[in-house]
Structure formats: structure tokens, C-alpha cells
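Computed from a predicted model, the values in this text were never measured in an experiment. Lettering of chains follows the sequences in order, A, B, ..., and the numbering in each one begins at 1.
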Protein chains: 2
Amino acid sequence: MTQHTCFRHPKDYPCTCAMGNLYRFVEPVVLFLLKCKGRSYGYELSSELAEHALTDAEIEAAALYRTLRQLEKNGFVRSEWDSGHSGPARRVYALTERGEVHLEEWVTVLDHMSASMVRFVLDAKSECSQSETHEDVVGVATLAGWAGQ
Amino acid sequence: MTQHTCFRHPKDYPCTCAMGNLYRFVEPVVLFLLKCKGRSYGYELSSELAEHALTDAEIEAAALYRTLRQLEKNGFVRSEWDSGHSGPARRVYALTERGEVHLEEWVTVLDHMSASMVRFVLDAKSECSQSETHEDVVGVATLAGWAGQ
DNA sequence: CACTCCTCAGTGCAAGTTGCATCTATTGAA
DNA sequence: TTCAATAGATGCAACTTGCACTGAGGAGTG
């Protein structure tokens, strides 16, 4: 990330924006929404994505559309054009069987990851309180200056 | 990710390898280890990283070294050469005050993220069992064919 | 001595990813 | 006519990453 300040969140809020491509977690959420709804299209999904998002980073429409096309390329969803309504045509997506399996794989992965994170947070918090020499200064800035590469 | 098969894990294990740059979670773990140990160097950290890693993706030495340099560039750690021992010289790192704050920001972020993930996993699991038409097929393959962009 | 292996820190590059700006088109309302 | 909302998508510069590789110091072995 080149971006060295996050202009999307207040200054004292540690946000995930600067982590950049972490918004890949778009993929499992899209699969989940398609499973729940049966079928949907990009523009509709984009508004519902935030409710189930795994980070607080804003999800760009561009990323969502590209993710959907890639999911289709990999056989996890299938799509067709739908013009039976007013306004521009919609590319309507639905999960395939492979997509259902893929969602379950994601659930397993996220289950493991969340457990690791919870463990890490506990470890880190106890380590912090252990060597508490200064006041509690949690949440003073954002992750904007994160390391990356 | 180009990589379409994961050769590092058994076939029926949904791994995070294919998620690629997720191993950015190297950063908080490095900060945490430096806080615990006081000071350390790349080669040593690389062996301890796996124990606290937030994903099961292998952490490459190249990524670790680059992360450390970047952390230093951003003022979260500082380093000096140490030759007072046999073998090649080591670049020894220690947390700065900014680094301690940054670690606490990461803890806050990961706390939020883990909560979101736990919620998502619960939602997805209940959704799956709700519409259970086929046997439980969790964990049949890897995330190798994940969508990306 | 030559040879090999381990330790330690990197670099180079092709391929992939992403944020942002921009484009096209349809429809309805002012 | 003009504007706004809906809908999907692309172009590109900048960045990230996996993999292969370099190179140096020291220990052990024959």
C-alpha cells in the first residue's frame, strides 16, 4: 500500500483499509449471500456486502465485479443476463455445486483463522498488561502506516 | 493467484495457501514476538513465526525480511548489526514506542475481525444445515482455486 | 587443504492484485 | 433537455508476492 493516511475513518480508529487486498474476503461473503438468496446480481450484492463483511474496509464495486467474473471462470457460480425489468440488464449469478463446496471450504478456513486470531489477541493483551508501564493507549491512530513490503 | 493446486497440504485439507498475500498477518506476529522477546533477528523470528501464525500458509523468509525492513522504514522497529558471535552478522531488531502502539492497533483490528469471522462462520453453518440436501461434504478440497481477481 | 553444510540477509523478476478514474448504456423524473 | 440512479465493466500505474537465486561467515569432515 502506498496510501499512508486513511481518509475514510476517524483518526483514532484502527481500521483495516490500509491492509489493502484483504478485501478478498469478499469472496466467501459473496458465496454466502448467493447461497442465502438463491440468485442475485452485482449491484444488489454490493449493497448487502457491507452487512456481512469481515473487515471494515469499503468494498469497491470494481473488486466485486471482478470477483464475480473470476468465481464464474472457476466454476463456483454461473450467470445469465436478465432483462425482464426496467433499467439496464442485470447479470444474475447463482451458486453451482462446486460453489457450495467452496463456500464450505471457506467456512472451515475462516473457522481456523478466527480461532488463531482470538488466541493471538488474548496472548497479545496479556503480554501488554504484563509489561504495563504506560497508560492504555489503544486506538490512537490507524493502520495506515502498516508495513507491507 | 496463478497457483491452482496446493502442494503443501493434503488434498482434503482446506488451506489458506491459495489466499496468497494474506500472510501479511506476518506483521502483527512479528511485532508481538519482538515485544515478548525484547530483541531478535530475522532468521530466529522465521522459526518462531509459525507457532503464532494466523494462517496455515507457510511464511517465506523473503517476505519476513522485507516486512522487517518496511517496519523499520515506518519507524515501528529499529535495528542494528550484531557480530558478537560466530557465524554471519545478524540484523537485530527491537520495537520502538510507535511500534508498541502499532501492535495495539493491530490487536484492536484483529479483535474486530475475529468477531466478524466467528459471526460469519455461525451464520454460514446454520444456513448450510438449514438447507441440508446432501451429505456433509466439508473439507473435500483446498482453496487453491479461489477466485482472486 | 578442499568440500560441504548450515546460518544469515538479502535481491531480481515475472506474474498477479488493487485503487481510482473513467466509460457505456437504460430508464425515470424534473 | 438535463440530471440522477441503476448496472456492468475496463485501463492503468503502482504495488505485492512466490520463487529462484546470490553471497558471505563459520564449522565439521575426509
Exercise. So does B:Glu72 pair up with B:Arg78, basic N to acidic O under 4.0 Å?
Worked result: no

Exercise. Can you check whether B:Tyr43 has a side-chain N or O nearer than 4.0 Å to OP1 or OP2 of C:dT7?
Worked result: yes

For this session: May I have the distance from A:Trp81 (atom CH2) to C:dA25 (atom C1'), rounded to whole angstrom?
Result: 10 Å

Exercise. Shortest non-hydrogen contact from B:Leu34 to B:Tyr93?
Worked result: CD2-O, 3.7 Å

Seminar exercise, completed: Here the distance between atom P of C:dG10 and atom NZ of B:Lys73, to the nearest Å, is 15 Å

Exercise. Roughly, in whole Å, what's the span from OH in B:Tyr65 to P in D:dA20?
Worked result: 18 Å

For this session: Mind calculating the distance between CD (B:Glu60) and P (C:dT11) to the nearest angstrom?
Result: 15 Å

Exercise. Start at the 5' end of DNA chain D and walk down; is the nucleotide closest to A:Pro88 or to A:Arg69 reached first?
Worked result: A:Pro88

Problem set entry | B:Asp82 CG - D:dG26 C1' separation (whole Å) | 15 Å

Exercise. So, is A:Arg91 near the phosphate of D:dA7, with a side-chain N or O under 4.0 Å from OP1 or OP2?
Worked result: no

Exercise. With respect to the phosphate group of C:dC8, does any side-chain polar atom (N or O) of B:Tyr41 fall under 4.0 Å of OP1 or OP2?
Worked result: yes

Exercise. Under 4.0 angstrom, heavy atoms only, what part of the nucleic acid is A:Ala61 near: base, sugar-phosphate, or nothing?
Worked result: nothing

For this session: Write down the atom of A:Ala94, the atom of A:Gly38, and the distance for their closest heavy-atom approach.
Result: CB-O, 3.7 Å

Exercise. Taking NZ, NE, NH1 and NH2 as the nitrogens, is one of them in A:Glu80 or A:Arg91 under 4.0 Å from a carboxylate oxygen of the other?
Worked result: no

Exercise. Salt bridge check: are B:Lys37 and B:Glu48 linked by an N-O gap of less than 4.0 Å?
Worked result: yes

Problem set entry | Proximal nucleotide (of D:dA9, D:dA27, D:dT10) relative to the B:Ser86 side chain | D:dA27

Problem set entry | Donor-acceptor pair present, B:Arg66 side chain and D:dG18 base, under 3.5 Å | yes

Exercise. What is the distance, rounded to the nearest whole Å, between atom CD of A:Gln70 and atom P of C:dG16?
Worked result: 10 Å

Problem set entry | A:Arg90 vs D:dA7: side-chain N/O to OP1/OP2 distance below 4.0 Å | yes

Exercise. Atom CD of B:Glu44 to atom C1' of C:dA9: distance rounded to whole Å?
Worked result: 15 Å

Exercise. Between atom NE2 in A:His85 and atom C1' in D:dT6, what is the gap in whole Å?
Worked result: 10 Å

